Amino acid sequence: MRQLLEFAAAPAILLILAVPAAADTAALERHVDRLAAEELEGRLTGTGGERAAAEYLAAELEQLGAKPLPGQSGYLIPFEFTAGTSDDGSTLALAWDSGGHEWTGVESIQALSFSDNGSVSGGVVFAGYGLVVPESQDFGYDSYATLDVEDKIVVVLRYFPEDLDQESRSKLARYSGLRYKALQARERGARALVVVSGPRSPNAGEIIPMAFDTAVAGSGIVAASISGAVAERLFEQVPDKTLEQAQAALDDGNPHVTGFEIAGVELTLDVKVERETRTGFNVAGILAGNDAQTADKPYVIVGAHYDHLGRGDSGNSLAKQEEAGGVHHGADDNASGAAAVLAAGVRLAGTEHRRHVVLAFWSGEELGLLGSSAFVNGAKSEPTLDPGRVAGYLNMDMVGRMRDNRLTVQAIGSSSAWPILIERSNVPVGFDLQTIDDPYLPTDSTAFNSAGVPTLNLFTGSHEDYHRPSDTADKINYEDLDRVARFSALIARRLADLEEAPDFVKVAPRTDQGGGRDTLRAFTGTIPDYTTEVEGLRLSGVIEGGPAAEGGLLEGDVITEFAGQKIANIYDYTYALDVVKVGEPVKVVFLRGDERHEIEIVPRARD
Ligand SMILES: [Zn+2]
Ligand SMILES: [Zn+2]
């Protein structure tokens with residue numbers, strides 16, 4: 001490691017002050033004002049507001065002297081995505097010797113959004129919660145351990161056993177996502193997965209909403225949700241127990257309670273999912289390198305997403321009731337990052353740099369990193385740029401609300417070249433940096449990391465306007481945004497001038513990918529501060545009227561214990577949140593200054 005550090009740092013030593021320092025907050029203000037304007041309607045991917053923002057960015061690229069990417073006729077690079085799913089008339093029929101019944105209508109039977117289309121029939125196996133915890137987790141829970149589901153229709157309960165202790169809940173919650181359950185059924189040869197929200201669970205008996213799901217294709221199995229009434233009718237064919245009794249037997253988490261075949265019943269499931277395809281636009285331009293020998297080496301990319309939540313209908317909005325449906329301006333998220341890329345581009349265009357530098361603006365980030373993934377992996381076409389041609393990717397997402405000179409630099413574990421390069425680039429700007437190794441971030445750098453490209457992400461921290469209409473341009477700290485833009489130009493410049501591209505270090509993922517949004521069902525209203533290094537979790541705010549605010553938590557409080565679990569960092573907190581129950585009081589221990597406090601908060605359902 002040390003050797004690699006020296007090798008990476010050597011050519012860059014004399015360039016520290018080579019990027020001009022002149023502040024240009026007027027241009028930054030103009031960019032953010034334009035992108036966050038009411039007329040752009042929150043820049044939802046696939047809408048006119050997104051298109052107008054893309055055209056603004058393209059005009060700016062042209063203005064600063066960037067050219068379209070090789071093989072592209074313009075700055076706008078289209079990609080297709082699934083804008084939503086709906087049920088197009090799925091049906092379910094049960095048949096047994098003496099009779100049967102058929103259901104239509106989404107109040108009884110509805111496709112899961114990731115389902116394949118198709119009609120299947122077969123015998124029925126009730127597989128409990130349909131949970132499988134990988135052996136590596138040393139926990140020993142497999143709903144399928146004693147069941148043969150090959151060519152059967154598997155019926156499972158949503159979520160995970162209800163009466164468990166916190167630690168077991170945290171283990172099982174990770175594997176209770178619906179997609180993960182469908183995958184487990186598919187791997188065991190089942191013909192379909194049918195899910196019911198059990199009578200002892202939250203949302204008992206309710207059909208599962210067709211979550212916003214952007215997968216272009218199905219998951220390789222037919223999957224649907226049924227109402228409690230349909231499930232009860234099925235359980236009438238079970239001689240010795242009701243659905244509620246079957247669930248109760250499972251709910252203490254005893255791994256030896258098994259599912260069973262429901263003999264003598266044939267289930268026919270016909271699932272029809274309609275997927276609406278739309279087009280979104282990435283925007284990118286290239287600043288040619290100034291050295292003929294190095295300019296055809298792998299490029300440097302500096303990028304940021306420019307899309308946002310529109311009016312907040314897609315499920316990621318945190319708008320309060322009275323704000324719901326309003327334009328989500330997305331000034332910090334992420335007009336700030338897009339403006340900083342343009343400002344960095346102006347600086348880079350005015351200085352020599354030996355590799356090509358690509359300036360990129362992604363769309364579809366808020367819908368699941370769609371634009372950057374299409375760029376790296378190709379959607380229905382070839383990738384725009386071969387990842388092997390990218391030396392490093394610098395991302396900015398939410399860089400406009402700096403407080404106390406604190407800047408978080410994430411993903412530095414992705415190359416051994418980063419620590420020294422970052423430290424040296426910071427000399428002229430002087431931020432209080434917090435560096436974080438983890439490259440698996442909920443932002444576009446992750447698409448590059450997956451393709452083996454060293455990445456960095458800059459972030460000035462979350463705040464109470466996050467994903468709300470109130471994230472407006474007047475709240476941006478432009479002086480410091482200008483310093484962030486300057487810092488990003490310094491990093492890009494150093495990266496462009498490295499003789500050899502930085503090495504890529506694969507960081508082990510910190511969690512398994514089994515869980516999903518389906519497990520995020522409790523809302524506490526806390527806003528974690530990602531930029532402060534303290535033992536525990538510092539809050540940068542609380543959402544007004546939320547459970548944390550009602551419980552008495554304030555900005556600056558440091559949570560040290562939550563729901564019986566010690567909280568040393570943000571990851572501990574995320575795990576702890578996974579297992580709290582809606583409506584059940586949770587004990588929170590926190591420090592306010594040096595004083596220790598203990599309160600209770602009551603999590604609410606996330607809608
Ligand atoms: Zn963002
Ligand atoms: Zn966002």
Side-chain angles (χ1 to χ4, degrees), residues 31-32 35-36 40-47 49-50 53-54 57 81 212 214 280 282-283 302-319 323 326-342 360-373 375 393-402 407-411 436 438-449 455-473 475-477 481 484-485 488 517 520 527-531 540-541 543 570 606:
H31 301 324
V32 174
L35 293 170
L40 297 197
E41 295 261 338
R43 311 184 304 279
L44 183 66
T45 305
T47 67
E50 177 222 24
L57 293 166
F81 68 103
F212 191 86
T214 53
N282 292 324
V283 183
V302 183
H305 78 87
Y306 73 94
D307 68 302
H308 195 52
L309 301 172
R311 290 181 176 268
D313 305 323
S314 68
N316 291 328
S317 169
L318 296 174
E323 305 168 318
V327 168
H328 287 53
H329 297 88
D332 185 34
D333 186 13
N334 187 27
S336 69
V341 172
L342 286 172
F361 306 91
W362 316 115
S363 191
E365 192 271 352
E366 301 285 12
L367 307 180
L369 315 183
L370 303 181
S372 53
S373 301
F375 185 87
Y393 174 60
L394 172 61
N395 191 66
M396 287 180 273
D397 195 352
M398 300 176 63
V399 288
R401 300 275 289 252
M402 181 170 287
L407 179 67
T408 301
V409 184
Q410 292 163 306
I436 292 175
D438 189 352
Y440 301 94
L441 305 168
T443 186
D444 296 298
S445 52
T446 294
F448 287 87
N449 182 70
T455 57
L456 286 172
N457 183 55
L458 306 184
F459 176 45
T460 52
S462 198
H463 44 77
E464 67 169 351
D465 300 306
Y466 172 67
H467 279 198
R468 287 173 53 195
S470 54
D471 178 7
T472 48
K475 293 174 182 151
I476 298 297
N477 169 352
L481 176 57
V484 172
S488 69
R517 285 191 193 168
L520 294 175
I527 305 170
D529 178 347
Y530 296 90
T531 63
S540 68
I543 290 173
I570 179 78
R606 197 180 272 283

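Numbering of residues begins at 1 and proceeds along the displayed sequence. Just so you know, ligand 1 is whichever comes first in the structure, and atom 1 is the first atom listed for that ligand. The shown structure was predicted, so the numbers you read here are calculated from the model rather than taken from an experiment.
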Run the salt bridge (Lys or Arg N to Asp or Glu O under 4.0 Å) test against E464 and tell me which residues pass, sequence neighbours left out.
none
Determine, step by step, whether Y306 and W362 satisfy the ring pair (Phe, Tyr, Trp, His ring centres under 6.0 Å) criterion, reporting the C-alpha distance in whole Å, the side-chain angles of both residues, the deciding distance to 0.1 Å, and the verdict.
CA-CA 6 Å; Y306 73 94; W362 316 115; 9.7 Å; no
Which protein N, O or S atoms sit under 2.8 Å from the Zn ion (ligand 1)?
H305 NE2, D333 OD1, D397 OD1, D397 OD2
Give, for atom CG of D397 and atom CG of N334, the distance between the pair rounded to the nearest 0.5 Å.
4.0 Å
Closest approach of L57 and A338, non-hydrogen atoms and distance?
CD2-CB, 4.5 Å
Can you tell me if D307 uses its side chain to pair, donor with acceptor, with the backbone of E365 under 3.5 Å?
yes
Restricting to N, O or S atoms of H467, which is nearest to the Zn ion (ligand 2)?
NE2
Ring pair (Phe, Tyr, Trp, His ring centres under 6.0 Å) evaluation trace for H467 with H308
CA-CA 9 Å; H467 279 198; H308 195 52; 5.6 Å; yes
